[in-house]
Amino acid sequence: NGEPVAFSQYPRPADTPQWNSDKPRLKDIRIMGYSVRTIDYRYTVWVRFNPDNFSADFKDVHAGELYMMETDPNQDCNIYNNTSHGVFFKKIF
Amino acid sequence: DGMNVLIIVVDDLRPVLGCYGDNLVKSPNIDQLASRSIMFTNAYAQQAVCAPSRVSFLTGRRPDTTRLYDFYSYWRVHSGNYSTIPQYFKENGYMTLSVGKVFHPGISSNYSDDYPYSWSMPPFHPSTEKYENDKTCRGKDGKLYANLVCPVDVTEMPGSTLPDIQSTEEAIRLLNVMKTNKQKFFLAVGYHKPHIPLRYPQEFLKLYPLENITLAPDPWVPEKLPSVAYNPWMDIRQRDDVKALNVSFPYGLLPYNFQRQIRQSYYAAVSYLDMQVGLLLNALDDAGLSNSTIVVFTADHGWSLGEHGEWAKYSNFDVATRVPLMFYVPGMTTSSVTQGERVFPYLDPFSHILDLVPQGQSKNVVVELVSLFPTLAELAGLQVPPVCPETSFHVALCTEGASIVRYFDASEEKVEEEKDGCDDTYRCV
C-alpha cells in the first residue's frame, strides 16, 4: 500500500547454528533471510540461496518469522506459524 | 555553491543514545547534534555486518546488487563499476577525505578504501589500529589479554593513545586545512567503537556503576525462533575472557553478571565515542564551518546486547539492523547561526548535567541506509542519481534507495498520509 518499508537480508550456511553461521563465505551460503520491516511488523523468510548464480528461491522457504511491533516490540514472539497472521502474510508475499 | 559535508560513521552503534530515548546512556554531544538535526528513529541497514552494509550504503546499492555478503570481493571487480557517494562528490568538485573506518578494510574496498576512485588523497588510518585485537587488556592477575570487556589506562596503550583519539585529531587537522585553503570538502570520519573489543578509557566506567546495569529485557533464546535465524556470536566467543567462561555452543547463555559487564562496557564505549564526536563538532565551530557544513551521523548497523540470547550483529533482528541516522543542515534543520555563534559547544560527559535531552525534529517513518546516497546528493544541491533499473550491474551511476529529504519538512500528518492512511494493517491487507 505504498507504506515505507526497509528491506534487510542475512546469509546463512545451514539451517542450524554452526561455526561459520555468523559470517559465511559466499561459496558456503545456502540460505538467505530476507526481511521486510514496516512501522507495524517485521516479516522474514529464510529461503534457499544458490551462491553460484546469486539466486534466491522463494518457493523453498526454510523458515519464517513474523513479529507485530505493537504487541511485541522486542520481537520475542514469532507468530509466523500461527494460522491467522502467518497465512495472511504468506499469501501476500 | 554547495555545502561542505561531514559524515560520521560509527562501527556497530545501535541507537543507544539519549536522543533516541535511552535513559541510561550519557551522550550529551550526540544529543546536542540531534537537537539541531532531523533524526530518523526507524532507520535500518540492509545487512547487519560491516563490509556488506558499508559497501551498500556507500554505493547506494542493495547487497543483492553489490553481491557482497561476506568480506572477500571488491564490487568493481565482482559485480559492477558502481560509483560511490564520495566518488560522486569528488567528481562534483569536492575534496573528499577519509579518516578511520569508513569503508571496511581489505579486499572489499580493494585494500585501499576504494582510493583513488572515492578519495582525493590516501585515506588516513590511525597507527594504533593494528593493536585493536592484541593482548592489551590487563586482567585481574595483572597479565595482558585480548578480552571482550577491555577498559584500559590509555597511557599504558601502545603509543599512549587509542585509534579513535588519533582519528579525531587527524579529522580536526584536516578541517583546519580545508578552512585555510577555502576548499569545499566531503570529510568522512569512521569511528571504531563500540565495535568489539570494548576497549575504551577506563574512566568511562565511572559513568555506569555496575549496580545500575540491567540485563536485556529478553535475554533468552525465543521459543519459536527458527534455528536458522539465530546467530551463535562466534566472534566474542574467541575473546580471552569469554573463552574462559566455556559457554556451551550454540545456545548456552553467558553468566548474568558477565552479561551486565558487557552491557556496561558497551555503554561506556558509547560515551567515549560521544566525547570524540563532541571534540570533532566543537572543532567545526572553532573553524567557523558549522554554518556551511552538512553533518550526517549514522552507523553501519546495530548490535545485540543480549536480546534473544544473542551478542553481536549477524541477524535480521531490529537490534542488529536499526541504526541512528540524523542530518544537520544549516538553514534547514536550524536557523542560520551568526558568525562566531557556537552550534556544537563541547559538552563533557562527566560533568554535563542531563536534565532534559534537547529535542530536535524526529521522524518515525521507516527509512533505509541505502537512501543515503540520493539524500546527500539532494541536500548538497547535486544532481540526484537516477533510480536504478531492475538489474543495474552495468550502470555505474544510479541508486536503489530513494532520497528522504521529502520527509525533512513534511509534517507528521503528511508522513502518515504516505502510509496511505493505513491505520489497521489487517484491514488494509
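Bear in mind that the values here come from a model prediction, so they are computed numbers and not experimental data.
- Using a 4.5 Å cut-off between heavy atoms, A:Pro24 contacts chain B through its backbone alone, with no side-chain atom that close.
- Both the backbone and the side chain of B:Asp318 come within contact range of chain A, judged by heavy atoms closer than 4.5 Å.
- Ranked by heavy-atom pairs under 4.5 Å with chain A, the list B:Lys224, B:Lys313, B:Glu368 is led by B:Glu368.
- How far CZ of A:Arg37 is from CZ of B:Phe317: 12.0 Å, rounded to the nearest 0.5 Å.
- Using a 4.5 Å cut-off between heavy atoms, A:Ile31 contacts chain B through its side chain alone, with no backbone atom that close.
- Closest non-hydrogen pair, A:Pro17 versus B:Phe249, comes out as O-CE2, 3.8 Å.
- The backbone N or O of A:Gln75 sits less than 3.5 Å from a side-chain atom of B:His308, completing a donor-acceptor pair.
- In this structure, B:Ser315 and A:Tyr10 approach most closely via the heavy-atom pair N-CD1, 4.0 Å.
- Contact of B:Val319 with chain A is not made at all, since no heavy-atom distance falls under 4.5 Å.
- B:Val228 and A:Ala63 make their closest contact through CG1-CB, 3.8 Å (heavy atoms, listed as atom of the first residue, atom of the second, distance).
- Between the side chain of A:Arg42 and the backbone N or O of B:Asn316 there is at least one donor-acceptor pair closer than 3.5 Å.
- Using a 4.5 Å cut-off between heavy atoms, B:Pro63 contacts chain A through both its backbone and its side chain.
- In terms of heavy-atom proximity, A:Phe7 sits nearest to B:Gln46 at O-NE2, 2.9 Å.
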With a cut-off of 3.5 Å and sequence neighbours excluded, list every side-chain donor-acceptor pair involving residues 47-60 of chain B.
{"unit_1": "B:Gln47", "atom_1": "NE2", "unit_2": "B:Tyr69", "atom_2": "O", "d": "3.1"}
{"unit_1": "B:Ser53", "atom_1": "OG", "unit_2": "B:Asp300", "atom_2": "O", "d": "2.5"}
{"unit_1": "B:Arg54", "atom_1": "NE", "unit_2": "B:Asp300", "atom_2": "OD2", "d": "3.2"}
{"unit_1": "B:Arg54", "atom_1": "NH1", "unit_2": "B:Lys101", "atom_2": "O", "d": "2.9"}
{"unit_1": "B:Arg54", "atom_1": "NH1", "unit_2": "B:Val102", "atom_2": "O", "d": "2.9"}
{"unit_1": "B:Arg54", "atom_1": "NH2", "unit_2": "B:Asp11", "atom_2": "OD1", "d": "3.0"}
{"unit_1": "B:Arg54", "atom_1": "NH2", "unit_2": "B:Asp300", "atom_2": "OD2", "d": "3.3"}
{"unit_1": "B:Ser56", "atom_1": "OG", "unit_2": "B:Arg61", "atom_2": "O", "d": "2.7"}
{"unit_1": "B:Thr59", "atom_1": "OG1", "unit_2": "B:Val55", "atom_2": "O", "d": "2.6"}
{"unit_1": "B:Thr59", "atom_1": "OG1", "unit_2": "B:Ser56", "atom_2": "O", "d": "3.4"}
{"unit_1": "B:Thr59", "atom_1": "OG1", "unit_2": "B:Arg61", "atom_2": "N", "d": "3.4"}

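- Under a 3.5 Å cut-off, the side chain of B:Asp70 and the backbone N or O of A:Leu26 do form a donor-acceptor pair.
- Contacts with chain A were tallied for B:Tyr230, B:Phe71, B:Trp220, B:Tyr72; B:Tyr72 has the most, counting heavy-atom pairs under 4.5 Å.
- Looking at A:Glu70, neither its backbone nor its side chain comes within 4.5 Å of chain B, counting heavy atoms on both sides.
- Contacts between A:Thr16 and chain B at a heavy-atom distance below 4.5 Å involve backbone atoms as well as side-chain atoms.
- Only the side chain of A:Arg12 has a heavy atom closer than 4.5 Å to any heavy atom of chain B.
- Using a 4.5 Å cut-off between heavy atoms, A:Tyr34 contacts chain B through both its backbone and its side chain.
- Contacts of B:Ala229 with chain A are made by both backbone and side-chain atoms, with heavy-atom separations under 4.5 Å.
- Contact annotation for B:Pro217: only side-chain heavy atoms (C-beta onward) come within less than 4.5 Å of a heavy atom of chain A.
- Contact detail for B:Val366 and A:Val5: the closest heavy-atom pair is CG1-C, 3.6 Å.
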Intermediate values then yes/no, side chain to side chain contact (heavy atoms under 4.5 Å, CB included), A:Met69 and B:Asn42: CA-CA 12 Å; A:Met69 299 313 294; B:Asn42 271 307; over 6 Å; no
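- Annotation for A:Arg48: atom CZ does not count as buried by contact number, only 12 or fewer foreign heavy atoms lying within 6.0 Å.
- With a 4.5 angstrom heavy-atom cutoff, A:Gln9 touches chain B via backbone and side-chain atoms both.
- Under the side chain to side chain donor-acceptor pair (under 3.5 Å) criterion, B:Glu132 pairs with B:Lys193, B:Arg199, sequence neighbours left out.
- Looking at A:Ala56, neither its backbone nor its side chain comes within 4.5 Å of chain B, counting heavy atoms on both sides.
- When each of B:Arg237, B:Glu223, B:Met234, B:Glu307 is checked for heavy-atom pairs under 4.5 Å with chain A, B:Met234 comes out on top.
- In this structure, the portions of A:Arg25 lying under 4.5 Å from any heavy atom of chain B include both its backbone and its side chain.
- The two residues B:Pro226 and A:Asn78 make their nearest non-hydrogen contact at CD-ND2, 3.6 Å.
- Between atom OH of residue A:Tyr67 and atom CG of residue B:Leu225 there is a gap of 5.0 Å, rounded to the nearest 0.5 Å.
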